[in-house]
Each structure stands twice: as C-alpha cells, then as structure tokens.
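What follows is a short report on a single structure.
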Protein chains: 2
Amino acid sequence: MTAWSAVVPSRDELHEAKRVALLREAASAFTRKGFHAASLDDIAQKLGVTKAALYHYFPSKHALLRECFARALEVGFQGLARARAQGGSGREKLNNTLRFYLHEMIDELSCCVVLTEENALLPDDYVDLLKVRDRFERALRDLIREGIADGSIVPCDPKLAVFTILGAIHWVSKWFNQSGAWSADAVSTALTDLLDRMVSATPVAALPTDIRTAT
Amino acid sequence: MTAWSAVVPSRDELHEAKRVALLREAASAFTRKGFHAASLDDIAQKLGVTKAALYHYFPSKHALLRECFARALEVGFQGLARARAQGGSGREKLNNTLRFYLHEMIDELSCCVVLTEENALLPDDYVDLLKVRDRFERALRDLIREGIADGSIVPCDPKLAVFTILGAIHWVSKWFNQSGAWSADAVSTALTDLLDRMVSATPVAALPTDIRTAT
DNA sequence: CCCAGGTAACCGTACGGTTAGCAAACTGAA
DNA sequence: TTCAGTTTGCTAACCGTACGGTTACCTGGG
C-alpha cells in the first residue's frame, strides 16, 4: 500500500515547485532581456498564467530579482565551502570554487547568470547585495593570496584578478546557449582551466582546442 | 590679426561638440543604470537642458544606444588595424589590440563599456550590430589561431578564449571608477598582461601585485 | 464555510516622443 | 548699416502607452 501523500504532491510542495519554476523563468527573462525590458506579463504568459497569479508567489518584481541574486551568491558560498573542505593549495581551492559556481549557475538557474542587472535592484536591496557580494569577492581574493603564499599562484594583484575572473564567468550568460553544442559540464571545466592558466604559478598542460571534445 | 573663426567655434563645431557631450553622457548613464532605467530627462538634466533639446541632436533614444555600439566597435577595429600594422606574432598582435581597445573604451567613452546592453537595441539595429560584432570576434579568433600556428599562443579553443577575454574586458564597466586609484593606463596594461598570461605559450614574467605601482 | 489559486478588468504613473512657440543669431538684399 | 526673413536651440506643456500593481470576483478542495 502506498500512501497517496507519497505519490501526490502536497499543496505546499506544489506551491514551492511553482515558486521555483517562476523564479527560474524570471531569471531567464531578466538575463535575456534585462530586468526592465522583461515584463511580468511575458513571464506569466510563458508559465501559462496571468500576471496577477504571480503575486501569489512573490510580492513584487523586485523581490524576484532580489531572490535571483540571493540564490546566485548562495551557490557561490556553497562552492567556497566545498572547495575549502576538499583542501589543497590556494590554486586548487580557487579552481574548485569557480568550477562549481559556473556549473551550478549554468545548470540550476536555467542557464542564467543574472548578475549583470544589479543596478536594477532597489536601493535597500542593493546595499544588502553589496555586503554579501563583497564578502564573496573578498573570499576569492583571499584564495588568491593563499595561492601566492603557498607558491601555487603567480604573484599578481588579487583584486584585479578576481574582477577579471568574475567578468569572464558572468559574461557566460551573454553567449551560452542551452541548446548549443557546448554542455554545462564542458563549459565550466574549460573556462575554469583557462582562468587557471591565467593565475597558475607553474606552466599548465595544453588546453583542448575544441570544447566539444573535452572531458 | 587672428580671425574670429580661429578662436570662436563655428556653429557647426558647437553643434558637434554638444552632440559628442550628449553621446558620452548617454553612454555613461546607460552603463551605470542600464538602457531602460536611464531616462532622457535624467540625461538632459545632467547636461543642463530639457529633454526636448536632445532631439536636436539625436532622433531617438535608441539612436543614442546604436551610436554607442558603433563607436565602440569602431575603436575595436581601429585597434586591430594598428596591431596589424605594428606586426609581430599573433600573441603580440592580440595584446596590442586588446590594450588599445581597453584604453580607448575606458578613456574616450567616459569610462563606459556599454556593450552590456545589446538586448535593448531595436531588432533591426541588433542584427546590424551582430554582423559587425561577429566580424570583430572572428578577427580576434583569427589572431589567436595565428598565434597558435606561430607558436606564440598555447593551443586552446579560440572561440572560448575570445568569449573569456571579451567578458573580462567588458566587465570593466562594472567596477572601474573614474575617480578611483587605478588609472585607465594602469588598468588597460595590467588587464592585458593578465589575459596575455592566460593564452601565452611561453611562461610570462611575474605580474605586478599592486596595479597602482605598475608602469 | 473558508481559503488558496486563479482571472478579468482596472488604476496610476513614468517615460519616450511631439507640438507650439519664443528668442537669439545668421543671411542677404536694399 | 540696417532690417526683414529664416534657421537654430531651446522650453513648457502635452499625448500615448506600456507596465507594475490592485481589486473584485469566480472556482474547487478540505
């Protein structure tokens, strides 16, 4: 005997599932068209409901954007934690963090790295984001300093290096195509390898000349 | 005797100067707030005129954005031409192109790399942009292939490398601060060196650990 | 009966763009 | 030199519309 509750999702589960679907759709729309150009009517239509229905799940358009950022940074810190737990040199920790971050951002958030729309946040949300984002960037800079100290990363300006790395990563949302030839796995590995080569203290083995053939 | 025309700018010159000032202000506003969030009223106010005055210089807001992109790509092709004229290996040509592009984008366009707002272009303008931008990206990929062939650049996926490079470069608009400690010269040199290290076939000398102290 | 999930219709407003009109400045003929 | 006539640069006021958000109402399950 199988209880219905094990098969039929509860109301709360349904609610949460729809909430997540809405969030992903919003993230996708914000990334593709920009926050202001993506209308709630569009998003609702894609989900097969009317705009008013969305307000059962989110209090405002800005709340959607706020949550997109929150999720992205959550993924970032998760990557940091995993990398720290895994150990290794500063360089290895940096690589592990970036690879995880990239992979999750591409895959989980429906191919969306929304972090290009932070100027659309409400002022209050913006200062909140800044605090968390600065903490993330500081942590990355610390990994680079750690790598310089342990000899795995070439001496460089950690601030500039992190800016460069994050630029390359967030730019993925501009060119990645869910239905293209490049998989999320391939891209996150290949891009991490490229960035690794930029900061590695020791010469790096040759890179794949075609991403599709990479493991 | 000095002719007035040598001292007092002609009406045409005044017109052109104001046009350029408007373009720079628009580029700055688009970069800071995004295309949709930057209102013409805001831009006009910063220039000390009313919105209606702007229409003496540009037929529409979209025309402003279109011209921003046109200028940026002009700078890109100019950099390519200079680098080709200067000669050297594929790696050297790539570096020269990127350094020039970065420097001009930061300096000339009033610290603005607007190329993050292409989804705000009108459909017709967008396909036009795509054509020119693809030509630019193809040219950069060719430089990388040239470098791989002549042994100056490590074998890698040229497409991914160019995406990564352009991401890092265009991201500058997100963090560069005109009144900050880093000069346009320092940033364009240091960032080019970092990206060079990523693709260079041979090990690169140590990088400056603080951009302000770099030459 | 109550409440979650949804719809249709509506409201307010911000903003791109237009229009009418004015003042200064150039132009050219007398 | 002057002075009408035209052009340019600009303002104030307005229009249309797209869109975020709200309200009133319907439906079906617990």
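Reminder, nothing fancy here: chain letters follow the sequence lines and each chain counts from 1.
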What is the distance, rounded to the nearest whole Å, between atom [atom1] of [X] and atom [atom2] of [N]?
X	N	atom1	atom2	answer
A:Leu64	D:dC19	CG	P	16 Å
A:Arg19	C:dA4	CZ	P	16 Å
A:Tyr55	D:dT22	OH	C1'	9 Å
B:His56	C:dG17	NE2	C1'	13 Å
A:Leu47	C:dT7	CG	P	11 Å
A:Gln45	D:dC19	CD	C1'	14 Å
B:Asp41	D:dA12	CG	P	12 Å
A:Lys33	D:dC19	NZ	P	9 Å

From [options], pick the nucleotide closest to the side chain of [X]?
X	options	answer
A:Tyr57	D:dA12, C:dG6, D:dG20	C:dG6
B:Val49	C:dG6, D:dT11, D:dG20	D:dT11
B:Ala52	C:dT7, C:dT19, D:dG20	C:dT19

Subject >> Polar side-chain contact B:Lys61-C:dG17 base: donor and acceptor under 3.5 Å >> reply: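 Check fails, no donor-acceptor contact within cut-off.
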| query | Is a donor-acceptor contact shorter than 3.5 angstrom present between the side chain of B:Lys18 and the base of D:dG9? | reply |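 No, no donor-acceptor pair under 3.5 Å.
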Check every strand shown and say whether [X] touches a base, only sugar-phosphate, or nothing at a heavy-atom separation below 4.0 Å.
X	result
B:Ala38	sugar-phosphate
B:Phe58	nothing
A:Ser39	sugar-phosphate

Residues in ring pair (Phe, Tyr, Trp, His ring centres under 6.0 Å) contact with B:Phe77, at least two apart in sequence or another chain
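Result, ring pair (Phe, Tyr, Trp, His ring centres under 6.0 Å) vs B:Phe77: B:Phe136.
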(request) Check the angle between the aromatic planes of B:His36 and A:His36 and answer parallel, tilted or perpendicular using the 30° and 60° thresholds. (result)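 The arrangement is tilted - the two ring planes meet at 30° to 60°.
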Once the angle between the rings of A:His62 and A:Phe35 is folded into 0 to 90°, is it parallel (under 30°), tilted (30 to 60°) or perpendicular (over 60°)?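 Tilted, since the angle between the ring planes falls between 30° and 60°.
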- Does a nitrogen or oxygen in the side chain of A:His15 sit under 4.0 Å from OP1 or OP2 of C:dG5?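 Yes.
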Main-chain N/O of B:Arg24 paired with B:Ser28 side-chain donor or acceptor, under 3.5 Å |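 Flag not set: sc B:Ser28 to bb B:Arg24 has no pair under 3.5 Å.
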A:Pro158 and its side-chain contact (heavy atoms from CB on, under 4.5 Å) partner, picked from A:Arg141, A:Glu146, A:Glu137: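 Filter result, single survivor: A:Arg141.
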